[in-house]
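Data first, discussion second: the structure below is written as C-alpha cells.
Side chains included, hydrogens not; waters and symmetry mates left out as well; all remaining heavy atoms used. The shown structure was predicted, so the numbers you read here are calculated from the model rather than taken from an experiment.
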Amino acid sequence: MKITLNTSSIPESRRPQIEALVKSLAKATEIVWLPSRFPRFVMLAEPGPADKAAAESTSIFESPMEGTLSLASVTEFLEVRIKECLRAPESPR
C-alpha cells in the first residue's frame with residue numbers, strides 16, 4: 001500500500017513518529033510526503049502491487065472482499081490515529 005501524508009499539516013519534528021505509527025498500523029507501506037493546501041493528514045491511500053483485491057474494487061468506498069477495509073476507511077482510520085498522536089505531547093528523544 002502507498003500512503004501519501006501531508007507535509008503542510010504534520011510538523012517536521014513529528015514526522016518520524018507519525019511515519020512509525022502509520023507503518024505499525026498498515027504493514028508493507030510505502031510512505032510519500034507531499035505538501036497540500038488541504039488540512040488533512042492522510043491525503044491518499046492507494047493499493048500496492050500486493051493488494052490485488054483492493055485494485056478490483058470499483059469504488060474506494062466499498063471493499064472488494066467482505067471483512068476487509070476499503071481504502072477510504074483505511075484513510076479515515078489513519079487520520080483519526082494521527083490526530084490522537086499529534087494531540088499527545090511530543091516524546092523526548
Side-chain angles (χ1 to χ4, degrees):
M1 178 173 285
K2 181 178 179 182
I3 297 175
T4 304
L5 299 176
N6 187 348
T7 58
S8 303
S9 295
I10 300 172
E12 191 170 347
S13 64
R14 301 297 293 267
R15 290 181 196 160
Q17 182 182 13
I18 297 302
E19 195 164 316
L21 172 70
V22 170
K23 286 185 176 186
S24 75
L25 298 171
K27 307 295 184 213
T29 300
E30 174 191 351
I31 296 177
V32 178
W33 290 92
L34 293 173
S36 174
R37 58 189 173 141
F38 300 105
R40 297 205 40 111
F41 300 117
V42 180
M43 297 186 311
L44 182 64
E46 54 188 306
D51 302 321
K52 291 183 182 10
E56 295 171 7
S57 177
T58 57
S59 169
I60 66 166
F61 301 103
E62 299 172 7
S63 177
M65 293 173 41
E66 192 171 328
T68 61
L69 295 174
S70 69
L71 293 175
S73 61
V74 168
T75 299
E76 187 59 31
F77 174 74
L78 290 172
E79 189 80 16
V80 168
R81 294 298 302 269
I82 290 171
K83 282 180 189 175
E84 291 170 356
C85 183
L86 289 174
R87 265 186 256 152
E90 191 170 353
S91 55
R93 294 181 187 212

Problem set entry | Minimum heavy-atom distance between Thr7 and Arg15, given as atom pair plus value | O-NH2, 2.7 Å

For this session: Indicate the atoms forming the closest heavy-atom contact of Met43 with Leu5, along with that distance.
Result: CE-O, 3.9 Å

Problem set entry | For Glu30, side-chain hydrogen bond (donor to acceptor under 3.5 Å, both in side chains) partners two or more places apart | none

When the side chains of residues 79-86 are checked against the rest of the protein, which donor-acceptor pairs come out under 3.5 Å, sequence neighbours left out?
from	atom 1	to	atom 2	distance (Å)
Glu79	OE1	Phe41	N	3.2
Glu79	OE1	Val42	N	2.9
Glu79	OE2	Phe41	N	2.9

Exercise. Looking at Pro47 and Leu71, what are the two nearest heavy atoms and their distance?
Worked result: CD-CD1, 3.2 Å

Please set out all donor-acceptor pairs under 3.5 angstrom arising from side-chain atoms of residues 32-39, sequence neighbours excluded.
from	atom 1	to	atom 2	distance (Å)
Trp33	NE1	Glu19	OE1	2.9
Ser36	OG	Phe38	N	3.1

Exercise. Taking only residues two or more places apart in sequence, or in another chain, which ones meet Ser9 in a side-chain hydrogen bond (donor to acceptor under 3.5 Å, both in side chains)?
Worked result: Asn6

For this session: Measure the OG1-CG distance between Thr29 and Leu78 for me, rounded to the nearest 0.5 Å.
Result: 8.0 Å

Exercise. Taking the hydrophobic residues Ile, Leu, Val, Met, Phe, Trp and Tyr, and joining any pair whose side-chain heavy atoms are under 4.5 Å apart, which ones share a cluster with Leu44?
Worked result: none

Exercise. Nearest 0.5 Å, what's the CD-CD1 distance between Glu46 and Ile3?
Worked result: 9.5 Å

